[in-house]
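Just so it is clear: chains get the letters A, B, ... in the order the sequence lines come, proteins before strands, and each one is counted from 1. This one's a predicted model, so the numbers in the text were calculated from it and none came from an experiment.
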Protein chains: 2
Amino acid sequence: MSRSLARENTRLELSRHAARLFLERGVSDTSGDDIAAAAGVATRTVWRHFRSKESAVEPLFAHSSLRFAAILRRWPRDVAIEDLFHSTLGPDKMAPQDLADDILVVRLLARLPEEPALRAAWLMSCHIGEEQLIELIAERLDRPQGDFDVRLCAATVMAAIRIVDETVSLAAVKYGLKTTTAEVNEHLAQAIRKASTLPFCDPVTPRIWPDGKLMPASV
Amino acid sequence: MSRSLARENTRLELSRHAARLFLERGVSDTSGDDIAAAAGVATRTVWRHFRSKESAVEPLFAHSSLRFAAILRRWPRDVAIEDLFHSTLGPDKMAPQDLADDILVVRLLARLPEEPALRAAWLMSCHIGEEQLIELIAERLDRPQGDFDVRLCAATVMAAIRIVDETVSLAAVKYGLKTTTAEVNEHLAQAIRKASTLPFCDPVTPRIWPDGKLMPASV
DNA sequence: CAGTATATGTCACTTAGTGACATATAAAAT
DNA sequence: ATTTTATATGTCACTAAGTGACATATACTG
């Protein structure tokens with residue numbers, strides 16, 4: 001765990017510049033030098049942070065996915081997934097920087113069909129997301145993380161999230177389709193629900209106090 | 001569609017050499033020159049076939065996945081997936097070269113945890129497989145390929161196949177676990193069945209002759 | 001057999017990415 | 001307060017990845 005906050009920030013900042021340049025001129029017309037220049041650092045710094053040019057967008061993807069994971073981790077056990085999304089997801093509930101990041105992500109996803117290099121980075125980020133989901137599902141259903149069924153469920157759920165993200169992004173950017181937050185949330189929740197091979201979307205194993213009373217969700 | 005058989009063969013042959021070298025010395029200690037030398041071609045030829053060093057293994061992955069897809073495409077509509085696998089999958093039903101290819105794939109998959117570059121290639125190959133599944137499921141359930149639910153189902157099913165492949169490979173190579181063909185088939189069929197969000201695993205819409213009789217599976 | 005398309009070879013070139021060492025900055029130890 | 005110590009970055013020479021341009025071989029087409 002590299003825990004320098006400053007370092008992570010530089011990394012993310014570089015990632016934002018890379019994403020912007022990739023969108024403006026395409027991946028192949030953006031060099032490591034360009035990214036460095038845009039961020040005002042030495043070229044060498046770029047290669048210290050990223051193992052390849054394309055992977056420079058991964059921190060941006062990861063950052064979005066981490067915020068989503070954080071929401072899931074605070075998910076009270078007695079709440080259904082639709083209600084969770086309804087009360088926690090939406091542009092009005094985000095910091096401006098996070099919103100800007102998500103817009104960048106959406107525009108990148110809309111480019112996946114033309115930019116295979118971006119797709120590789122996106123799929124790698126989804127793999128990280130999948131590993132986070134393993135933790136979440138294992139904990140939520142009281143199963144070990146190595147459990148095959150837990151891993152299977154995490155993979156199918158992550159696949160659902162990925163497909164919704166890709167679909168919504170493409171619809172928004174390429175076809176100018178305006179979807180409301182409520183619709184996207186509904187869409188996402190339904191897709192996850194259909195995809196999940198284990199029942200972790202509905203209220204799960206409400207925890208009981210020693211005295212037999214129901215433990216409130218906030219605990 | 002580039003349809004030169006010879007070209008595809010060169011490509012696949014290069015891919016096999018790349019895979020072998022990656023396994024022997026690791027990805028970072030294998031150069032484009034090494035791959036070219038091993039295959040007995042000019043270095044330039046390597047870069048004509050692959051956009052990057054790591055992507056050199058994709059044709060090998062794709063080749064395995066194409067054979068699997070071919071089996072699925074011949075899947076009679078009135079047969080359940082377990083029975084299909086039981087009657088068509090297994091080392092005894094494969095050409096020796098195809099078996100050797102699959103062994104290479106299994107050994108590569110066992111390396112995914114240490115070799116992120118290979119994982120990116122693997123995930124890209126799974127993406128190709130996902131697109132093939134879209135065609136299959138759309139056709140099998142008489143739905144359009146653009147249908148969101150078809151795409152969702154393809155993604156979750158491909159995720160299941162991926163997880164089984166990764167799990168079985170890791171178990172076999174790292175932990176020396178011997179699994180019988182029957183067990184793997186069973187495992188795979190169950191995972192796909194659990195993962196599928198649309199009912200395409202069971203006999204689907206048995207087709208009816210104009211005279212009202214059932215159309216045999218072989219048609 | 002001439003003509004055309006495609007795959008590869010050769011080689012100079014650009015861009016991606018690393019190794020080694022110097023410098024800055026800030027927290028920890030004295 | 002000052003000296004360690006650790007970590008992030010800058011500088012620069014270098015290796016490896018990947019491309020452009022042109023020549024040659026091989027194979028299909030009329």
- line: A correct 5'-to-3' footprint of nucleotides 15-24 of chain C, with B, S and - meaning base, sugar-phosphate only and no protein heavy atom under 4.0 Å, is -SBBBB----
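B:D34 pairs by the side chain to side chain donor-acceptor pair (under 3.5 Å) definition with B:R25, B:S31, not counting sequence neighbours. In this structure B:R20 satisfies the side-chain contact (heavy atoms from CB on, under 4.5 Å) test together with B:H17, B:E24, B:A38, sequence neighbours excluded. With sequence neighbours excluded, the residues that form a side-chain contact (heavy atoms from CB on, under 4.5 Å) with B:A110 are B:L170, B:V173. For B:Q190, the side chain to side chain donor-acceptor pair (under 3.5 Å) partners two or more places apart in sequence, or in a different chain, are B:E186. A:S28 pairs by the side chain to side chain donor-acceptor pair (under 3.5 Å) definition with nothing, not counting sequence neighbours. Considering only residues two or more places apart in sequence or on other chains, A:C126 meets the side-chain contact (heavy atoms from CB on, under 4.5 Å) condition with A:W122, A:M158, A:R162.
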Without placing hydrogens or testing angles, list every side-chain donor-acceptor pair under 3.5 Å for residues 42-51 of chain A, not counting sequence neighbours.
from, atom 1, to, atom 2, distance (Å)
A:T43, OG1, A:D33, OD1, 2.6
A:R51, NH2, A:E58, OE2, 3.2

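Between the side chain of A:R77 and the backbone N or O of A:R140 there is at least one donor-acceptor pair closer than 3.5 Å. Checked by atom type and distance alone, the side chain of A:S15 pairs as donor or acceptor with a backbone atom of A:L60 at under 3.5 Å. Using a distance-only test at 3.5 Å, with no hydrogens or angles considered, no donor-acceptor pair links the side chain of B:R73 to the main chain of B:L136.
Listed pair A:T45 / D:dG10 meets the phosphate criterion, a side-chain N or O lying under 4.0 Å from OP1 or OP2.
Shown for residues 115-124 of chain A: no residue has heavy atoms falling under 4.0 angstrom of DNA chain D. Of all the residues in residues 12-26 of chain A, not one reaches under 4.0 Å from DNA chain C with any non-hydrogen atom.
Which of C:dA7, C:dT10, D:dT9 sits closest to the side chain of B:R7 comes down to C:dA7.
Between the axis at the start and the axis at the end of the helix from C:dC1-D:dG30 to C:dT30-D:dA1 there is an angle of 30°, using five pairs per end and rounding to 10 degrees.
Nearest heavy atom pair, residue B:C153 against residue B:T156, reads O-OG1, 2.9 Å.
The nearest whole Å value for the distance from the NE2 atom in B:H49 to the C1' atom in D:dA17 is 17 Å. Taking atom CD1 of B:I35 as the reference point, atom C1' of D:dG18 lies 13 Å away to the nearest angstrom. If you take CG of A:D29 and P of C:dT14, they are 16 Å apart, rounded to a whole angstrom.
Using a 4.0 Å heavy-atom cutoff across all strands shown, A:V41 reaches sugar-phosphate atoms only and no base atom.
Here side chain to side chain donor-acceptor pair (under 3.5 Å) pairs that include residues 99-114 of chain A, with residues two or more places apart or in two chains, are A:R16-A:D101, A:H63-A:D101, A:S64-A:D102, A:R67-A:D102, A:Q97-A:D101, A:E114-A:K174.
No side-chain heavy atom of A:T197 sits less than 4.5 Å from a side-chain heavy atom of A:D149.
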